[in-house]
Structure formats: structure tokens, C-alpha cells
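Worksheet: one structure, shown below.
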Amino acid sequence: MKLPIHLNALKAFEASARHQSFSAAAEELNVTPAAVGQLVRTLEEWLDTPLFHRTNSGKIRLMPTETAERALPDIRAGFDKLSQGLELLQQSPTCGILTVTVSPAFAAKWLLPRLDRFQTLCPDTDVRLDTNLKPIDFAIQRVDIGVRYGTGNWQGLVAEKLMEEEVFPVCSPRLLEQPERLSLPEQLLQETLIHDLSMDEHTGFPTWSAWLEKAGVEKHQSAHNIQINNAAAVLQTAIEGSGIALARSVMVKDDLAAGRLVRLFPEIQFESPLAYFVVYKPESINIAKVQVFCNWLLAESDYK
């Protein structure tokens, strides 16, 4: 198929199908309705098949045929790819904007405190953070690279392991000022436990019940509970002395080093079945700024 000859016709067809109107498509494409109609008719003649059901009355006068509906998703995806390609042609391989997607908590507790080192390494690259708890479509949102937490399987993306982690209780040093307080795992049930609801319960993320079972505590019901759907807020609540948090080692590393939090019962090892992964589209690793950022993340993580 000689696609370049029919690109304008395909654009007219896609816009007309989306708006269900030649006039609205013409306004978007900055041409006349007659020009849009002619482009669509040219495409129909070339394909030897109608693309729309046309009526002279009713609210909707232009409806794509079944054949057209089946083809539209691929055509729209093709236009998205063309737009991405044009953007790449306009950009210097190591300069411009790098769009990175991470969770809000990972951004606050790990990435942002280290990002100045990347900016020193690549001063001509501006990082744009897209902080989102839910996975997003890299193509639609124009995302270059991201960090995700899970088992390492995300459709259409390459995943390189960034960091594994442990899960363990942490609290403010103030809570340990009383003698014998929190000297045994069983004593946790007398405290306020802070629960992290930011992780989907179906992902396999360790819960307080799982950690207490690992620690040999038979009963898992604490006297008081706080439930928070943001991992950074979970740690901040613990820092303020409002309870005991079940922390993820990657997220809490800087708080432990600064003395804002203290790890409880370090003799109890509990590895998380989930890990952090650098993720990107297969074709994106050929872009210099993406490759540099990926390598920088791996270096920062000290992952071996």
C-alpha cells in the first residue's frame, strides 16, 4: 500500500469517524467540509468499500461501517507512532525533555532526593515527572521511562530489576525512650499499627498480618490501627510518633540513615516478593537520554 499518498485521506477519515461529522472534522483539520468529504470518497474508491453509513436526517448523520470500526484502532495507533517519530526527529538525542513515570511515594522518598545528581550528569536534559499510582500507557502519555513496583511483568514494556527490598517495622526514636517498650514482637499489638493501603491487596505485598506471622506472633489484631493509601504518608505518620509503620527498605532508607526512624527487630528477616523495575518501551532504549537515565538509575540503586 502506498500509504504516503493516502495519509491526508486517512486523517480525514479518522477525524470524521471520531466526530461523526465532516464539518467538525474539517474544523479540526482546518479545511472545508467539501475537502474532507472528497478525501474520504477518494479513500473509499481506492479501497472499493464504503467507510460510513450516511443519512440525511437524525442527530447523527455519519456512522462508521463495521469494517471501518475494526480498522480505526490500528489507524489511530499508527498516527500516534508517526507523531512520536516526528518528535524524535525534532529532539537532540541527549537534550530536551525526559518524561519519567513513578509513584508519588517513590518520587518523594527515593527519586527526588537523588535527582540533582542526574541533572549534574545531564544538564541539558529536563526531567518531567509523571507521578501516578496506576500504570499508564507509555505511548499515549508520551512517557520515556519509568519505575514500577511488582513482579516484573508489564505488557509491551522491557523491565530491568532495579532494587529488591525487605519489609520491617519502624518507629520514631521517641517511642523507644520508655524502658522495655517494643522489646518483643508481641508488644506491637499494644501499639497503633499504620497500614499501607497504596498497594493493591492482590499484588502479594506483605501485610502486617504476614509480618507478625513470620515473627511468630499468634494473634494479629492490634489495639489501634491507622490506614493510609500513600506510602510516603505512612512513613511520615511514623516519623511523627503516631504509630508503628511496616516499612519498605527502599522507601525508608534515607529516614533510617537520618535517624528519623528506627528499625525494630532487625533479627527478623522478611523479603518482599515484589521489587522495583526500570521499565521502558523496547524501542526507547535506543534513545541516548533514555539509556543514560536507565544506567543512572541502576548505578544509584547499587543493584548487583
Side-chain angles (χ1 to χ4, degrees), residues 1-91 93 96-101 128-146 148 150 152-159 200 202 279-287 289-290:
M1 179 181 290
K2 298 179 180 180
L3 280 176
I5 297 175
H6 300 287
L7 277 178
N8 287 336
L10 285 169
K11 288 181 65 176
F13 160 58
E14 189 281 327
S16 299
R18 183 159 30 85
H19 292 291
Q20 298 181 324
S21 164
F22 285 154
S23 298
E27 185 174 349
E28 176 184 313
L29 299 174
N30 199 29
V31 296
T32 66
V36 171
Q38 182 57 49
L39 284 167
V40 171
R41 281 190 293 274
T42 299
L43 188 60
E44 288 176 321
E45 290 172 2
W46 187 82
L47 294 169
D48 195 25
T49 186
L51 298 174
F52 291 102
H53 299 295
R54 298 166 171 83
T55 62
N56 296 321
S57 61
K59 186 176 181 180
I60 299 176
R61 301 189 179 186
L62 199 66
M63 288 290 294
T65 63
E66 183 178 346
T67 299
E69 288 284 11
R70 288 200 306 268
L72 278 166
D74 286 335
I75 290 171
R76 285 169 178 150
F79 281 128
D80 286 339
K81 288 289 186 183
L82 284 171
S83 296
Q84 291 175 48
L86 287 172
E87 287 180 7
L88 291 176
L89 288 173
Q90 293 172 331
Q91 296 176 4
I97 296 174
L98 181 76
T99 302
V100 182
T101 180
R128 179 170 60 197
L129 282 184
D130 184 315
T131 57
N132 206 312
L133 282 174
K134 296 181 179 179
I136 62 174
D137 189 305
F138 275 44
I140 293 176
Q141 301 296 328
R142 303 288 195 271
V143 170
D144 296 304
I145 193 169
R148 286 185 177 173
N153 296 309
W154 292 279
Q155 186 175 4
L157 297 176
V158 175
D200 189 324
H202 300 298
V279 293
Y280 49 84
K281 294 178 294 180
E283 62 271 22
S284 294
I285 199 59
N286 295 319
I287 302 172
K289 62 185 177 183
V290 174

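Values below: all heavy atoms of this structure, side chains included; hydrogens, waters and symmetry mates excluded. Because the structure is a prediction, the values reported are computed rather than measured. Numbers here simply count residues along the sequence, with the first being 1.
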Given side chains that start at C-beta, do those of [X] and [Y] come closer than 4.5 Å, heavy atoms only?
{"X": "Phe13", "Y": "Val36", "answer": "no"}
{"X": "Val279", "Y": "Ile145", "answer": "no"}
{"X": "Val100", "Y": "Val143", "answer": "no"}
{"X": "Leu157", "Y": "Arg148", "answer": "yes"}
{"X": "Leu10", "Y": "Leu43", "answer": "yes"}
{"X": "Glu14", "Y": "Phe79", "answer": "yes"}
{"X": "His19", "Y": "Glu27", "answer": "no"}

Check the pair Ile285, Val158 against side chain to side chain contact (heavy atoms under 4.5 Å, CB included), reporting the backbone distance first and the verdict last.
CA-CA 9 Å; Ile285 199 59; Val158 175; over 6 Å; no
If we count only N and O atoms by modelled type, under 3.5 Å, do the side chains of Arg128 and Thr99 hold a donor and an acceptor together?
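Their side chains do contain a donor-acceptor pair, which is all the 3.5 Å distance test asks for.
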Could you tell me the separation between the [atom1] atom of [X] and the [atom2] atom of [Y], rounded to the nearest 0.5 Å?
{"X": "Leu39", "Y": "Leu7", "atom1": "CG", "atom2": "CG", "result": "11.5 Å"}
{"X": "Ile97", "Y": "Arg142", "atom1": "CD1", "atom2": "CZ", "result": "13.0 Å"}
{"X": "Asp144", "Y": "Lys289", "atom1": "CG", "atom2": "NZ", "result": "5.5 Å"}
{"X": "Ser16", "Y": "Met63", "atom1": "OG", "atom2": "CE", "result": "13.5 Å"}
{"X": "Phe22", "Y": "Leu62", "atom1": "CZ", "atom2": "CG", "result": "4.5 Å"}
{"X": "Gln38", "Y": "Thr32", "atom1": "CD", "atom2": "OG1", "result": "10.0 Å"}

Between Phe138 and Tyr280, is the ring centre distance below 6.0 Å?
no
Any idea which heavy atoms bring [X] and [Y] closest together, and the distance?
{"X": "Ala159", "Y": "Gly152", "value": "CB-O, 3.5 Å"}
{"X": "Pro282", "Y": "Gly156", "value": "CD-O, 3.4 Å"}
{"X": "Ala15", "Y": "Leu29", "value": "CB-CD1, 4.2 Å"}
{"X": "Pro64", "Y": "Ala17", "value": "CG-CB, 3.9 Å"}

Please determine whether the number of non-hydrogen atoms from other residues, nucleotides or ligands lying under 6.0 Å from atom CG of Asn30 exceeds 12.
no
Within a 6.0 Å radius of atom CD on Gln20, are there more than 12 heavy atoms belonging to other residues, nucleotides or ligands?
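Yes, CD of Gln20 has more than 12 neighbouring heavy atoms, counting only those of other groups under 6.0 Å.
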Just grab all the salt bridge (Lys or Arg N to Asp or Glu O under 4.0 Å) pairs involving residues 29-45, residues at least two apart or on different chains.
Glu44-Arg54
